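Notes follow the structure.
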Amino acid sequence: SDNLYVLLDDLTVAPGFPIDLGDKIQSEPVVYNLGNEQIILTGCKNNNFYAFNYSDASLRFVIPTGDNVYTSPSFDADGNIYFGSEDGNVYAVDINGNPLDNFPLYVDSEVLGSIVFSDLTGDGTENMVIGTQGAKVFAYNQDYSLLTYFPINCQFPLSSSPQIIDYDLDGDMEIIVGTAGEL
């Protein structure tokens, strides 16, 4: 129905909602809690990423992209917001919608799934991991340079967000991602 709803505990619709975005919402919205305000973040099939203030359902900001936004937003340790678009870019903004330096970051193919953050290198800093429809996994340092050996080329297009865990308990992190033909 192209509408963004917020349902309260008693299953009534929150005041000011639903909000008609004019096209389909095809990813899970996320609520960013600022303490005194909750911000509802969502992408849309109309090439835009939206942030709404929950308290009055007002538009906080909108970020236009070059194509559909199917990824759910994610956050780094500093609270910045990251999302991908079918235009092959990763976008990053602060809580007021101001773009971060070095963004958008082009990754050559539709961004698939949420962007993930983890310390892959063991140096105490977060690395950004991105999967693409073009069957690649990218991992970046904090200065947005690619980590050694990245991007990793998979045999099949990715079908899930990357997950990062020390699966084999050897002290380093593994990136696990599903593809159209393998894990």
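All heavy atoms count here, side chains included; hydrogens, waters and symmetry mates do not. Numbers here simply count residues along the sequence, with the first being 1. Note that the structure is a prediction, hence the values are computed from the model and not measured.
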Got [X] and [Y] here, is their nearest side-chain heavy-atom distance under 4.5 Å?
X: V177; Y: Q163; result: no
X: E174; Y: D166; result: yes
X: Y82; Y: V111; result: no
X: Y54; Y: V6; result: yes
X: Y140; Y: I130; result: yes
X: K136; Y: V107; result: no
X: D87; Y: N47; result: no

Least distance between heavy atoms, [X] atom then [Y] atom:
X: P162; Y: S114; value: CD-O, 3.9 Å
X: K24; Y: C44; value: O-SG, 3.4 Å
X: S27; Y: G43; value: OG-N, 4.2 Å
X: D119; Y: M173; value: O-CG, 3.8 Å
X: G113; Y: S161; value: CA-OG, 3.1 Å

Would you confirm whether [X], through its side chain, and [Y], through its main-chain N or O, come within 3.5 Å as a donor-acceptor pair?
X: D143; Y: S145; result: yes
X: S109; Y: T132; result: no
X: T71; Y: G84; result: yes
X: N89; Y: P104; result: no
X: E126; Y: A77; result: yes
X: Q155; Y: G181; result: no
X: S72; Y: E28; result: yes
X: S160; Y: G178; result: yes
X: D94; Y: G97; result: yes

Taking transitive links into account, so neighbours of neighbours count too, which hydrophobic residues share a cluster with [X] at under 4.5 Å side-chain distance?
X: Y106; value: none
X: Y149; value: none
X: V30; value: Y32, L34, I39, L41, F49, F61, I63, V69, F75, I81, F83, Y91, V93, I95

Verify same cluster id: [X], [Y] (apolar side-chain graph, 4.5 Å):
X: I176; Y: L158; value: no
X: I152; Y: F156; value: no
X: L146; Y: V116; value: yes
X: Y167; Y: F117; value: no
X: V62; Y: L4; value: yes

Roughly how far apart are [X] [atom1] and [Y] [atom2], rounded to 0.5 Å?
X: N3; Y: I25; atom1: CG; atom2: CD1; result: 7.5 Å
X: N46; Y: N48; atom1: CG; atom2: CG; result: 4.5 Å
X: L105; Y: L100; atom1: CG; atom2: CG; result: 11.0 Å
X: T121; Y: Q142; atom1: OG1; atom2: CD; result: 9.0 Å

Can you list the steps and then say if F138 with M128 is a side chain to side chain contact (heavy atoms under 4.5 Å, CB included)?
CA-CA 8 Å; F138 292 83; M128 180 173 61; over 6 Å; no

Can you list the residues that meet the side chain to side chain donor-acceptor pair (under 3.5 Å) rule with K45, with sequence neighbours excluded?
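None.
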
Which pairs pass side chain to side chain donor-acceptor pair (under 3.5 Å) with one or both residues in residues 59-70, sequence neighbours excluded?
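Every pair satisfying side chain to side chain donor-acceptor pair (under 3.5 Å) with a residue in residues 59-70: N53-R60, R60-N96, T65-S85, N68-Y70, N68-E86.
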
Return all side-chain donor-acceptor pairs below 3.5 angstrom for residues 12-21, not counting sequence neighbours, or 'none' if the list is empty.
unit_1: T12; atom_1: OG1; unit_2: D10; atom_2: OD1; d: 2.6
unit_1: D20; atom_1: OD1; unit_2: G22; atom_2: N; d: 2.8

Go through the steps to decide whether C154 and V137 satisfy the test side chain to side chain contact (heavy atoms under 4.5 Å, CB included), and finish with yes or no.
CA-CA 8 Å; C154 300; V137 177; 4.2 Å; yes

